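Worth saying up front: this structure is predicted, and the values here are computed from it rather than measured. Note that ligands are numbered from 1 as they come in the structure, with each ligand's atoms numbered from 1 the same way.
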Amino acid sequence: MRAMEWIDRLNRDGTLPDGALLELISARHGLSGTEREYLYLLARKKSTAVFGHDIYLRGLIEFTNHCRNNCRYCGIRRDNGALHRYRLTDAEILSCTDEGYALGLRTFVLQGGEDAYDTDGRICRIVSEIRKRHPDCAVTLSIGEKSRESYRRYFEAGAERYLLRHETADAGHYSYLHPEEMSMEHRMNCLYELKEIGFQIGAGFMVGSPGQTDACYVKDFRFLQELGPHMIGIGPFVPHHATPFADCAAGTLEDTLFFLALLRLYFPKALIPATTALGTIHPRGRELGVLAGANVIMPNLSPGAVRKDYLLYDGKICVDDEAGQCRDCIGSRMHSIGYRTVAARGDYPGFFGKPDGLPAGENPESETGKRCMVSEQQEEIN
Ligand code: 5AD
Ligand code: FES
């Protein structure tokens, strides 16, 4: 079958022509169990060649569910009037990071809706306080589309990474998923700006979202190749009852694993999480994600009282757990498949940040400004 030839070629070359990629994607439902396992094996090998069996952790703090946006798939959209809205205080956020630090986490992801209350001043204050308390930790922001000036301020305050999924690289699909006032160009432009400023950036998309076609995925891969993100987050679309897509089918485990594996073959050095959404649609979703090439997991550090209110989709796991439980749970899950979670920042391999006045990027020659390398001594914390 041609699909297997394309898989071997992708494994060898790290890319495929558009036509071949489309053919492979369209053939995915016809792959046998053995063929799928073969694809996952190749992806897993690519991942272990760069990262070994180390799994990086990102402590997720969902600090506000207020959102001015109205994305049609998302449970915290503006029009969801039934949702209890919350926002954590600075002190509450810092106590999450302190707790996470004690659990061995060395990256904190501040994620929230696009909340007008979050002035640049507040974000910068929180970021710099976290960096001051935990200088060996990275701070990642995931707070949506902002101006270049705001991004620059966050970077200067000490945030080094930014997650902003592009959601889809097909303009028609983008407008199907989003309200009129949002534009794909603007979102993509934010990603380019973030990269220029010097952030390690994360893009990504949902698998099986309403209106998505095989051709949409091809565009996603092309866009990602052009952008060159350091992190790529994908997870299945899961319907939320209070959205226009309430009755749509969820993305499948098989599709998500297939695209995770393809991403790993395309982007051997990228930090790719096995997402909570994947853990939601299958009890061992995150383990299977790692076995298909993912190398990051994001345990939830949000305070118990607000977890059930940060519901982007129905059925989300861990809403009744505490930070320590999630951390331990993930440690033993990874252990069960022969991987180990490590207490390390887990930067993009070879990423040296932004030397003064120079554009950020990969610079294998430079020893100055060296951040965290995969090869550094890492403490196992399973
Ligand atoms: N199902 C799965 N993922 C979702 N996201 C938002 N809503 C859903 C949903 N219903 C994803 C989006 C967003 C990220 C934070 O969560 O891709 O960028
Ligand atoms: Fe939260 Fe398993 S990761 S309980």
Atom 7 (N) of ligand 1: which protein heavy atom is closest, and how many Å away?
Tyr73 CD1, 3.3 Å

Got His166 and Phe205 here, is their nearest side-chain heavy-atom distance under 4.5 Å?
yes

Protein contact to atom 17 (O) of ligand 1 [nearest heavy atom, distance to 0.1 Å]
Glu167 OE1, 2.7 Å

Top protein contact for atom 11 (C) of ligand 1, by heavy-atom distance
Arg165 NH1, 3.6 Å

With salt bridge (charged side-chain N to carboxylate O under 4.0 Å, His left out) as the criterion, how do Glu156 and Arg153 come out once you've worked through the C-alpha distance, each side chain's angles and the decisive distance to 0.1 Å?
CA-CA 5 Å; Glu156 259 146 40; Arg153 289 196 188 117; over 6 Å; no

I need the nearest protein heavy-atom contact for atom 16 (O) of ligand 1: residue, atom name and distance, please.
Leu312 CD1, 3.5 Å

Within-4.5 Å side-chain heavy-atom neighbours: Leu110 and Thr140
no

Let's go through Arg131 and Glu160 carefully: what are the C-alpha distance in whole Å and the side-chain angles of both, what is the deciding distance for salt bridge (charged side-chain N to carboxylate O under 4.0 Å, His left out) to 0.1 Å, and is it a yes or a no?
CA-CA 10 Å; Arg131 294 301 312 274; Glu160 292 167 275; 3.0 Å; yes

Closest protein heavy atom (residue, atom, distance) for atom 10 (N) of ligand 1
Val238 O, 2.7 Å

Sub-4.0 Å heavy-atom contact, Ser209 with ligand 1:
no

Tell me which protein heavy atom sits closest to atom 3 (N) of ligand 1, plus the residue, atom name and distance to 0.1 Å.
Met206 SD, 3.4 Å

Please report whether ligand 1 has a polar contact with Tyr313, defined as an N or O pair separated by less than 3.5 Å (distance criterion only).
no

Determine whether Arg85 and Leu83 make a side-chain contact, defined as any pair of heavy atoms from C-beta on separated by less than 4.5 Å.
yes

Is Arg87 positioned over the aromatic face of Phe63, cation under 6.0 angstrom from the ring centre and no more than 45 degrees off axis?
no

Who's the nearest protein heavy-atom neighbour of atom 2 (C) of ligand 1, and how far?
Pro236 O, 3.2 Å

Between the main-chain N or O of Arg58 and the side-chain N or O of Arg106, is there a donor-acceptor pair closer than 3.5 Å?
no

